[in-house]
Amino acid sequence: MKKLLLLTLPLLLTVGAFAAGAIEGEVQKQPLNISAIIMFLIFVAGTLGITYWASKRTKTAKDFYTAGGGITGFQNGMAIAGDYMSAASFLGISGLVYLAGYDGLIYSIGFLVGWPIILFLISERLRNLGKYTFADVAAYRLKQTPIRTLAAFGSIATVILYLIAQMVGAGKLIQLLFGLPYELAVVLVGTLMILYVTFGGMLATTWVQIIKAILLLSGATFMALAVMSHFGFSLDAMFTAAIEVHGKGEAIMAPGGLVSDPISAISLGVALMFGTAGLPHILMRFFTVSDAKEARKSVFYATGFIGYFYILTFIIGFGAIIMVLNNPEYLDLAKQAISGGSPILGGKNMAAIHLSHAVGGNFFLGFISAVAFATILAVVSGLTLAGASAISHDLYANVFNKHGEVDEAKEMRVSKIATVALGILSVLLGIAFEQQNIAFVVGLAFAIAASANFPVLFLSMFWSKLTTRGAVIGGSLGLGTAILLVILGPIVWVQIFGNAEAIFPYKYPALFSVTVAFIAIWFFSITDKSDAAAKEIEAFEAQDIRSQTGIGAEGASEH
Amino acid sequence: MTKEQIEQVKNNPKYQKLVSERSRFAWTLSIIMLVVYYAFIMTIAFNPEALGTKIGDGVMTIGIPIGIAIIFIAFVLAGIYVRRANGEFDELTREVREELGDIA
């Protein structure tokens, strides 16, 4: 069992932890699942209705990028939680609990603790300084062209890597749940997301995310309650039953070697915390609320919803141990014949899906399958919007077009074209990567967000002596180190390239690449004695006053 | 914002109070969260058996309530910050902006 855990570990870590594609490896296409398809169609019809409504209200660039700044703290908290509760964190974490018990909880906690810190240190400064993208904040007093280029590059790289993982996950999940062909599933996701984003902008994207969050939380709550009621709401009775059937016995009640050495543990912590604070589609959500007060509230609500959700996935994982494991109905007979044990259909990440059938029959299975599909749609829409904003607002409007004002209508047209292009690109990449090992993809996205985006953003708000030279060199070195260490690490170097031993022994480069970024930014800033640097340092005070008080901050538009 | 205006804001006693109190509060809460999280991670790295200690007569281990408690602490700390920031600090910000008049 320990060996099995070690073998599946890299996969679980990146899949479960980083909200990547939910299903890895070969999957068998299942017979058509009619009730799931009907419920999914209802969701699509509803969300397209919302997109139509949103399109009537999306007139200016501000509407498009930030829903006019009129989202409330509660709604935004729900949407942030929705961005975080992806199909893979639902299926992946409950699958991890199913497989290893307590270890699943360690992951959930790592994901959550970054949020309060984002609240305490960055949310209100971000809201007070920014307009549409986090590059607005990073480039506030520095040179626009180099900083925005770096930030846009970091954003687009993060978004595309994340999109690949989501697309491949979507294709496989839908094959398994709905019985639809892989390519059709990928094209369907791409088309719907283009429709939501180009016509409905941030307003539609936010509401799709909110609705999905409500559906997912309700479904997960029902499942957890069904499991608990089975045991008369006694946790002890539930754990006892789980220990009886699980191969690891009582070991599922304590940490089981998932996070074994301190370096890996700290590096994972750094990746989760700083990575979250550097994801462009999450940062963008802070500009959709009217002021710093609402920005703070949104993180508070998000923390509550995410924490609640993780407690539910813990119960769902244990429920699956009792009701799915050893249940002949969910046993993968073909696989059992080859490798023995009691593998379930579709692998461990399907534990929650099978549990939905066990507690609620075919109808509820259909509901949870539809919600899983909706989840992927909502997450890719947010990602695409963030990527398109980096292209239109950072690159087109502020880098290529630095002379003279940019026509707002033109900027919006560029962002819509960028949305369509990103949509098509992600469909093509999704198809191209079907048979590839994508386990490293989301880990890399998090590493880039933590090492290139976050240090520049953080120091631009907190350190007066930051200069353009320091930010550009340090940010680029952080980016380069992250990519290099992922290539030399165990997942790419050993599993994909087939080398015997990794040159860089840790799966998470964040601790090292983030350190490189901070040191390089510091060194190349303090040694920058140019006149431009002196001016940038001088401009910090005015920026700091705005970030502290909100004087001069972007307001909500009138509607 | 001109140099004089910046000086005026910086010399405003209420602005100074806002900045120093809020940043002390925010960093204190951040450090509490980090200490709690890394104490948990270090226990897992160096002494995982400690979390497997049984409590009560059943199968429940101490690690489970501790894990749930950390999730709860994250939520409570966020609530404590939002309460003070949206009340006291926002009120102070409003007073600062009022005193500054045309700058704000």
Side-chain angles (χ1 to χ4, degrees), chain A residues 73 102 105-106 108-110 112-113 115-117 119-121 124 234-237 239-240 242-243 250-251 253-266 268-269 273 292-293 296-297 299-304 306-308 310-311 314 538 541-542 544-546 548-552, chain B residues 1-3 5-7 9-10 15 18-19 22-23 25-30 33-34 36-38 40-46 48-54 56-64 67-68 70-75 77-79 81-83 85-86 90 93 96-97 100 103-104:
Chain A
Y102 191 82
L105 191 61
I106 302 174
S108 305
I109 292 170
L112 190 71
V113 295
W115 279 107
I117 295 179
L119 166 68
F120 307 149
L121 300 179
E124 59 194 82
S234 154
L235 278 176
D236 222 51
F239 289 135
T240 309
I243 290 169
E250 286 197 358
M253 298 295 288
L258 186 66
V259 186
S260 48
D261 69 301
I263 302 273
S264 294
I266 297 171
L268 174 66
M273 203 173 277
K293 192 183 229 93
R296 292 184 205 111
K297 276 193 213 161
V299 187
F300 171 66
Y301 289 123
T303 309
I306 296 168
Y308 173 65
Y310 285 149
I311 292 173
F314 189 62
E538 208 186 295
E541 287 192 328
D544 196 44
I545 289 171
R546 172 165 165 175
Q548 297 279 4
T549 61
I551 295 171
Chain B
M1 220 177 253
T2 64
K3 266 212 167 96
Q5 287 176 325
I6 291 173
E7 285 308 309
V9 178
K10 275 172 59 189
Y15 176 76
L18 171 72
V19 170
R22 186 169 54 196
S23 70
F25 190 52
W27 282 104
T28 307
L29 292 179
S30 302
M33 189 74 253
L34 288 172
V36 167
Y37 177 57
Y38 279 105
F40 177 66
I41 290 291
M42 288 305 158
T43 311
I44 291 163
F46 292 109
E49 297 81 18
L51 292 170
T53 312
K54 284 216 178 90
D57 308 327
V59 291
M60 181 69 93
T61 56
I62 187 93
I64 288 171
I68 306 289
I70 296 175
I71 294 179
F72 199 67
I73 289 169
F75 179 65
L77 289 179
Y81 181 79
V82 171
R83 198 184 150 87
N86 281 6
D90 270 1
T93 308
V96 171
R97 293 178 69 148
L100 292 173
I103 302 176

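In what follows, every chain begins at residue 1, and chains take the letters A, B, ... in the order their sequences are listed.
- Contact of A/Leu119 with chain B is made through backbone and side chain together, with heavy-atom distances under 4.5 Å.
- In this structure, chain A has no heavy atom under 4.5 Å from any part of B/Phe25.
- If you measure heavy-atom distances from B/Met42 to chain A, the contacts under 4.5 Å come from the side chain alone.
- Annotation: the span from B/Ile68 atom CD1 to A/Ile109 atom CD1 amounts to 7.5 Å, rounded to 0.5 Å.
- Your options are B/Met33, B/Lys3, B/Lys54, B/Glu49, and the one with the most heavy-atom pairs under 4.5 Å with chain A is B/Met33.
- Proximity to chain B is absent for every atom of A/Tyr301, based on heavy atoms less than 4.5 angstrom apart.
- Distance check: B/Ile73 CD1 to B/Tyr37 OH gives 14.0 Å after rounding to the nearest 0.5 Å.
- Heavy-atom minimum distance, A/Leu112 versus A/Gly307: CD1-N, 3.6 Å.
- Taking chain A as the reference chain and counting heavy-atom pairs below 4.5 Å, the highest number among B/Asp57, B/Val36, B/Asp90, B/Thr93 is found for B/Asp90.
- Looking at every heavy atom in both residues, B/Leu29 comes nearest to A/Phe120 through CB-CE1, 3.5 Å.
- Taking A/Ser108, A/Pro116, A/Ala237 one by one and counting their heavy-atom pairs under 4.5 Å with chain B, the maximum is reached by A/Pro116.
- At a 4.5 Å heavy-atom cutoff, the contact between A/Leu235 and chain B is made by side-chain atoms alone.
- Contact annotation: the side chain of A/Phe314 approaches that of B/Ile64 to within less than 4.5 Å [non-hydrogen atoms, C-beta and beyond].
- Using a 4.5 Å heavy-atom cutoff, the side chains of B/Leu100 and A/Ile551 are in contact.
- In this structure, no portion of B/Ile62 lies under 4.5 Å from any heavy atom of chain A.
- One finds the CG atom of B/Leu77 at 11.0 Å from the CZ atom of B/Phe72 (value rounded to the nearest 0.5 Å).
- Using a 4.5 Å cut-off between heavy atoms, A/Leu105 touches chain B through its side chain atoms alone.
- To the nearest 0.5 Å, atom OH of residue B/Tyr81 and atom CG of residue A/Leu121 are 8.0 Å apart.
- Residue A/Val113 touches chain B through both its backbone and its side chain, counting heavy-atom pairs closer than 4.5 Å.
- Looking at B/Ile70, the atoms closer than 4.5 Å to chain A (heavy atoms on both sides) all sit in the side chain, from C-beta outward.
- Looking at B/Tyr15, only its side chain comes within 4.5 Å of chain A, counting heavy atoms on both sides.
- The two residues A/Glu124 and A/Ala292 have their closest heavy-atom pair at CB-CB, 3.8 Å.
- Contacts of B/Asn86 with chain A are made by both backbone and side-chain atoms, with heavy-atom separations under 4.5 Å.
- A/Glu250 touches chain B through its side chain: at least one heavy atom from C-beta onward sits under 4.5 Å away, while N, CA, C and O do not.
- In terms of heavy atoms, B/Ser30 sits closest to A/Ile117 at O-CD1, 4.1 Å.
- Between chain A and the options B/Ser23, B/Ala50, B/Gly67, the largest number of non-hydrogen pairs under 4.5 Å is found for B/Gly67.
- Contact count versus chain A (heavy atoms, under 4.5 Å) is highest, among B/Thr53, B/Val19, B/Thr43, for B/Val19.
- Distance alone, capped at 3.5 Å, is enough to place a donor-acceptor pair between the B/Arg22 side chain and the A/Gln548 backbone.
- The part of A/Tyr102 that comes within reach of chain B is its side chain, from C-beta onward, which places non-hydrogen atoms under 4.5 angstrom from that chain.
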